[in-house]
**Student:** 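Shown below is the structure under consideration.
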Amino acid sequence: MLEELLEDLNPSQREAVSAPIGPVLVLAGAGSGKTRVLTRRVAWLLAAGERPSSILAITFTNKAAGEMAERVRSLVGPNADGLWVSTFHAACARMLRLHPELGGLRSGWSIYDQDDARRLLERTIRRLDLDTKRFPPRAIAQQVSLAKARLVDPERFTDEAEGLYERQVAMVYRSYQAALAEANAADFDDLIGLVVEGLATRPELAEHWRRRFRHVLIDEYQDANPAQHAFVAELVGRSGSVFAVGDVDQSIYAFRGADPSGVLTFEERFDGAKVVTLEQNYRSTNAILGLANAVIAKNRRRYAKHLFSELGEGTPARRYQATDERDEARWVAATVREFLQRGGVDPSEIAVIFRTNAQSRPLEEAFSEAGIPFRVVGGVRFYERREVRDLLAYLRVLANPDDDVALARILNVPRRGIGRGTEEALQAAAALRGRSMLSLLRAEGVEVLGLTSRQERALRGFVELIDRLGALASLHRPSELIDAVVAETSYLEHLNEEDPITLEGRLENIAELRASAAEADDLESFLERAALVSAVDEVMGASGVTLLTAHAAKGLEFDVVVVVGLEEGVFPHVRAIVDAEAVEEERRLFYVAMTRARTTLVLTSARRRASWGEPLYNPPSRFLDELPADLVATTAAPVAVGTACAESIQRASAVVEARAARSEWVVGDRVFHARYGEGTIRRVVPRGVDDELVIAFHGAGERRFFASMVKLRRA
DNA sequence: TGTCTCGGCATTTTT
DNA sequence: TGCCGAGACA
Ligand SMILES: Nc1ncnc2c1ncn2[C@@H]1O[C@H](COP(=O)(O)OP(=O)(O)OP(=O)(O)O)[C@@H](O)[C@H]1O
């Protein structure tokens, strides 16, 4: 059995899979079989007699988790029950579901996704009498999230704060955390953070989980953040059974706090760590590897490694320069059709990869026109549609009466005469007494709010509605509960009144929600899944060409990969261009995109691209210049005279703007950046016609920008 | 309280 | 471009 598991592996892969139990790190490039090795290691542990329930395998998405669990089962048979294969977030959520006290939560606790967290932050900022212009909830949410990724709690955040602005942000963070606790809720980052804290401070619970998970395995290790590293360390200690696989060149989540250096410090953090490298790529032709390697070699911060393939030389990448994004989309559709018809390629073996979700629309249109089946991964998530969120909010309030964000959402949906005034009075009274809105209403009645009798009647009616539904909650299955909510609130009538045209689609969504609820055993597990399912996990449509972002493409592989929108400002993204480190992350992202291809790589760009109204004339991506010329075959749409003119004008004006940017800032200026908040200009370095600005932000540290590109306000 | 219009602003990327 | 929040009015 053990030998069998090693049969179709190369010697290094075997060495990793059968390494003695203890810390193991597999460090290897794209397509070298890291995921395969990790899956095999799980099977190997099981075959060696380890209990399934003693194994925790971490993947990057829920979908990858499902596939890995499936794969393990096919390797070892049914005795894989009790094995946990999930994302960090899902694993921690499950632990907290079993032991809410581990995170200081009460049973029924809610998971706050980005939207919930943003709403709660906005309310917190308002309650502190701060201006939401100076403290944009989105930006603050980012800062809080980055802090939590580093396990920086409000106290430490306050200690590290410099100046009034940062102290105010710290205050917001502290109140936000208090509001979460009051609402019996945890945001995404808390799922990890609370578990880490619980394991560190509750020895009896920690003991339970350490005994339970003797083996922890982590895929895509380069994208784990410090909190997640701490979680692993809490479970396995310095010399336990930890098996991590990763590739620093595929680190594409530093923007949300991932710490790829965790890969490089593995040997310091774990005693007796064994490090295995894999060098053979089993996915791509040498042409594709040559292209990918040439691009990634341009990164300065990098740890070079060898990678070879025995899959033949292959064909060069095809490159097309389009007039605009519609021309690009049509050309892609035509090319894809050729692969399907003449090349005999299966549509599910073709992917079109873009940088941002917004780029998918022209492609969807062109594919529809051409009659090519396709599916879009991601985009607007199912669980983010309004009607779905409304109904989920009802269920959340039933599971967790203290969930004020959910309550605020449904208080007057459908309309029931509870207006702004009533809501504000209720929120203020609840905040004053330090309790949730519903518990206040239940404990003290609506009278304490000092409202008109009409307002009181409306509120009373709402509480009665929730109580009626609550009585059903414990007796009925989640899907039946959805029916009850829809019926009791006349929700369908509400949707029809709102917009009869979209009604049909919304009804379909409700039916789908009901169907997915029918699969869940109980309300809590249903709500948990709804909160944690990501866009990438959603399987839409049976088969067809896959349209997806480069981030969503990580870990996947296709025969044919088309990367579109290879222009400065698109890929690399404008927001990244000003920051040298961010450009390196963009380059890694492009590396990830290219290395998804087995045999065929197609690269396109557009000379003109509409970007909310205005046309933009972006030069081709710098990444295209980094490709070896002999591995690229180029065709281009004819250049229209008007386009060329506009392009040169655009370039000239960019230079003029760059000159103008030179004198604007001096060292010591306090500035405000939409993403990083307030900072101080530390240095101004002349770079050609432009200046480079070094700005120190709290929470985000020092960042470098080009003066002509970065958008700053005086603080 | 509810509805309408205007203006500002935003889109990276995602668990 | 389209969404959301703020403010004016019925
Ligand atoms: N020893 C092997 N023999 C044959 N095929 C292999 C071998 N090892 C891996 N492969 C195949 O190579 C491909 C890439 O493997 P896998 O996805 O595990 O690589 P990876 O290192 O995780 O890739 P990436 O990091 O780029 O996502 C898969 O199709 C896998 O089946």
**Student:** Would you mind reading off the distance between A:Gln222 atom CD and B:dT14 atom P, rounded to a whole angstrom?
**Tutor:** 16 Å
**Student:** Please state how far atom CG in A:Leu146 lies from atom P in B:dT13, giving the value in whole angstrom units.
**Tutor:** 17 Å
**Student:** Can you name the side-chain hydrogen bond (donor to acceptor under 3.5 Å, both in side chains) partners of A:Glu524, sequence neighbours left out?
**Tutor:** A:Arg97
**Student:** What is the distance, rounded to the nearest whole Å, between atom CZ of A:Arg138 and atom P of B:dA10?
**Tutor:** 8 Å
**Student:** Tell me which of A:Arg361 and A:Arg118 sits closer to the 5' end of DNA chain C, going by the nucleotide each one is nearest to.
**Tutor:** A:Arg361
**Student:** Let's go through A:Glu325 and A:Arg361 carefully: what are the C-alpha distance in whole Å and the side-chain angles of both, what is the deciding distance for side-chain contact (heavy atoms from CB on, under 4.5 Å) to 0.1 Å, and is it a yes or a no?
**Tutor:** CA-CA 10 Å; A:Glu325 74 270 25; A:Arg361 199 170 292 175; over 6 Å; no
**Student:** For A:Ala254, which residues count as a side chain to side chain contact (heavy atoms under 4.5 Å, CB included) partner, sequence neighbours excluded?
**Tutor:** A:Glu585
**Student:** Could you give the CZ-to-P distance, from A:Phe188 to B:dT14, as a whole number of Å?
**Tutor:** 13 Å
**Student:** A:Glu586 or A:Asp189: which one's nearest nucleotide on DNA chain B is closer to the 5' end?
**Tutor:** A:Glu586
**Student:** Taking side-chain hydrogen bond (donor to acceptor under 3.5 Å, both in side chains) as the test, write out the residues that go with A:Glu567, two or more places apart.
**Tutor:** A:Arg609
**Student:** Who pairs with A:His229 by ring pair (Phe, Tyr, Trp, His ring centres under 6.0 Å), at least two apart in sequence or on another chain?
**Tutor:** A:Tyr221
**Student:** If the condition is side-chain hydrogen bond (donor to acceptor under 3.5 Å, both in side chains), which residues does A:Asn412 pass it with, not counting sequence neighbours?
**Tutor:** none
**Student:** Ring centroid separation for A:Phe60 and A:His551, is it under 6.0 angstrom?
**Tutor:** no
**Student:** To the nearest angstrom, how far is A:Gln142 atom CD from B:dA10 atom P?
**Tutor:** 14 Å
**Student:** Produce a footprint string for nucleotides 1-6 of chain B: one letter per nucleotide, 5' end first; B if the base is under 4.0 Å from any protein heavy atom, S if only the sugar-phosphate is, - if neither.
**Tutor:** SSS---
**Student:** Taking the six-membered ring for Trp, does A:His551 stack with B:dT13 (centroid gap under 5.5 Å, planes within less than 30°)?
**Tutor:** no
**Student:** Determine: side-chain N/O of A:Asn357 to OP1/OP2 of B:dT13, distance under 4.0 Å, yes or no.
**Tutor:** yes
**Student:** Between C1' on C:dT1 and CG on A:Leu616, what's the gap in Å once rounded to a whole number?
**Tutor:** 13 Å
**Student:** How long is the line joining CG of A:Asp223 and P of B:dT15, in whole Å?
**Tutor:** 12 Å
**Student:** Does one side chain, of A:Asp219 or A:Thr59, offer a donor that lies under 3.5 Å from an acceptor on the other?
**Tutor:** no
**Student:** Check DNA chain B against residues 562-571 of chain A and give the residues with a non-hydrogen atom under 4.0 Å, in numerical order.
**Tutor:** none
**Student:** Using whole Å, what does the distance between atom P of nucleotide B:dT15 and atom NZ of A:Lys554 come to?
**Tutor:** 10 Å
**Student:** Counting the atoms with a prime plus P, OP1 and OP2 as sugar-phosphate, which does A:Arg126 contact under 4.0 Å by heavy atoms, base, sugar-phosphate, or nothing?
**Tutor:** sugar-phosphate
**Student:** Return the set of residues passing side chain to side chain contact (heavy atoms under 4.5 Å, CB included) with A:Asp403 (not counting sequence neighbours), or none when no residue passes.
**Tutor:** A:Ser110, A:Tyr112, A:Arg396, A:Asn400, A:Val405, A:Ala406
**Student:** Quick one: list whatever passes ring pair (Phe, Tyr, Trp, His ring centres under 6.0 Å) with A:Phe213, sequence neighbours left out.
**Tutor:** A:Trp84, A:Trp209
**Student:** Can you list the stems that include DNA chain B, where a stem is three or more consecutive Watson-Crick or G-U pairs with distances under 3.5 Å?
**Tutor:** B:1-9 with C:2-10
**Student:** For A:Glu557, what residues pass the salt bridge (Lys or Arg N to Asp or Glu O under 4.0 Å) criterion, not counting sequence neighbours?
**Tutor:** A:Arg283, A:Arg598
**Student:** Can you list everything that forms a side-chain hydrogen bond (donor to acceptor under 3.5 Å, both in side chains) with A:Glu447? Sequence neighbours excluded, please.
**Tutor:** A:Arg460
**Student:** On the nucleotide B:dT14, are OP1 or OP2 found under 4.0 Å from the side-chain N or O atoms that A:Thr549 carries?
**Tutor:** yes
**Student:** Could you check whether A:Tyr253 gets within reach of a base, just the sugar-phosphate, or nothing at all, counting any heavy atom under 4.0 Å?
**Tutor:** sugar-phosphate
